[in-house]
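Okay, so here's the structure we're looking at.
A quick note: this is a predicted structure, and the numbers were derived from the prediction, not measured.
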Amino acid sequence: MVTGECSSGTIRTTFAAVPHRGTVFAAKATLVAAVMYVLTLLSCSTAYVVGDATLPEGRYAQGDPLPALFGIAASFAVAAVLGLAVGTLVRHSAGAVTTVIGLLLLPSLFGPLFGNAERWIAGLSPAATLEKLTQTSDAAADTVGGLGPWPSLLLVAAGAAGASLAAMLLLRRRDV
């Protein structure tokens with residue numbers, strides 16, 4: 001939503017129409033979060049209904065679907081806002097995609113290298129938050145930290161909010 005405008009130069013037109021750059025960023029963040037939340041909620045709900053209909057009855061343990069579905073949708077919306085913030089900071093599509101993938105996956109990948117701190121480092125990753133929300137068997141406290149799914153999601157959201165704040169501050173000071 002930002003890197004394409006930056007590379008083509010249409011961001012100048014956007015800022016000419018709405019000179020308050022913070023308002024532009026907030027509108028883009030709201031739009032990307034809302035669209036991602038709705039699409040993810042619909043997709044995950046459909047997958048849950050299809051999976052529930054096709055899996056054998058009583059063979060697999062099933063958690064409470066509603067908090068998980070809403071949490072997963074919120075997690076994807078937070079990741080989308082993080083992507084928007086990084087795209088605003090970097091202003092290059094390939095660099096932004098690479099950075100966001102690194103932010104999403106590297107804590108889980110490199111967590112085991114830190115010995116006893118693994119559960120805290122890996123537990124801060126958005127991937128660990130998704131494991132906790134989906135109630136997978138991989139979401140053991142020794143690998144994804146001792147925080148529950150909702151505090152983990154709030155921690156990831158705080159990181160995305162910090163990146164968004166940095167992006168807005170830089171956007172106000174930077175030429176286009």
Side-chain angles (χ1 to χ4, degrees), residues 1-4 6-7 25 28-29 32-48 50-51 55 60-65 67-171:
M1 287 188 68
V2 171
T3 59
C6 287
S7 66
F25 182 84
K28 286 178 181 283
V32 74
V35 167
M36 187 60 72
Y37 185 87
V38 170
L39 287 176
T40 305
L41 187 61
L42 289 173
S43 300
C44 288
S45 298
T46 303
Y48 176 78
V50 169
L55 290 175
Y60 298 99
Q62 188 173 7
D64 191 13
L69 292 175
F70 293 130
I72 291 167
S75 182
F76 274 79
V78 166
V81 171
L82 177 65
L84 177 70
V86 170
T88 302
L89 291 168
V90 175
R91 295 195 299 184
H92 190 268
S93 297
V97 169
T98 303
T99 302
V100 171
I101 288 174
L103 289 172
L104 295 177
L105 298 179
L106 287 180
S108 294
L109 294 174
F110 288 120
L113 299 176
F114 292 97
N116 292 337
E118 171 190 0
R119 64 190 211 139
W120 300 109
I121 293 170
L124 294 176
S125 76
T129 302
L130 277 176
E131 288 175 8
K132 293 175 190 179
L133 286 167
T134 56
Q135 306 158 9
T136 67
S137 59
D138 297 335
D142 59 333
T143 58
V144 293
L147 287 177
W150 295 103
S152 293
L153 180 59
L154 287 175
L155 210 59
V156 172
S164 296
L165 181 62
M168 277 200 297
L169 291 174
L170 189 62
L171 190 62

Between Phe70 and Trp150 the two heavy atoms that sit nearest each other are C-CH2, 4.3 Å

**OP:** Could you tell me whether a side-chain N or O of Thr88 sits under 3.5 Å from a main-chain N or O of Leu84, the two making a donor and an acceptor?
**Re:** yes

Value for SG (Cys44) from CG (Leu69), rounded to nearest 0.5 Å, stands at 6.5 Å

#### Entry: Under 3.5 Å donor-acceptor, Ser7 side chain and Gly4 backbone
yes

Distance col, row Ser75:OG vs Leu104:CG, nearest 0.5 angstrom, shows 8.5 Å

For Thr40 and Ala73, the nearest pair of non-hydrogen atoms, with its separation, is CG2-CA, 3.6 Å

Taking every heavy atom of Val32 against every heavy atom of Ala80, the minimum-distance pair comes out as CG2-CB, 3.9 Å

So CG of Leu130 and CZ of Phe76: to nearest 0.5 Å the spacing works out to 5.5 Å

OG of Ser43 to CE of Met36, rounded to nearest 0.5 Å, is 9.5 Å

dist Thr46:OG1 -> Leu41:CG (nearest 0.5 Å) comes out at 9.0 Å

Heavy-atom nearest pair, Thr129 first then Pro149, reads CG2-O, 4.1 Å

On a heavy-atom basis, the closest approach of Gly102 and Pro107 is O-CD, 3.9 Å

Heavy-atom nearest pair, Ala167 first then Ala85, reads CB-O, 3.6 Å

Practice problem: Kindly indicate whether the side chain of Leu89, heavy atoms from C-beta on, has any atom under 4.5 Å from the side chain of Leu170. | Solution: yes

Separation between OG (Ser164) and CG (Leu171), nearest 0.5 Å, reads 11.5 Å

Donor-acceptor contact present, side-chain Lys28 to main-chain Val2, <3.5 Å: no

Applying side-chain contact (heavy atoms from CB on, under 4.5 Å) to Ala157 and not counting sequence neighbours gives Val78

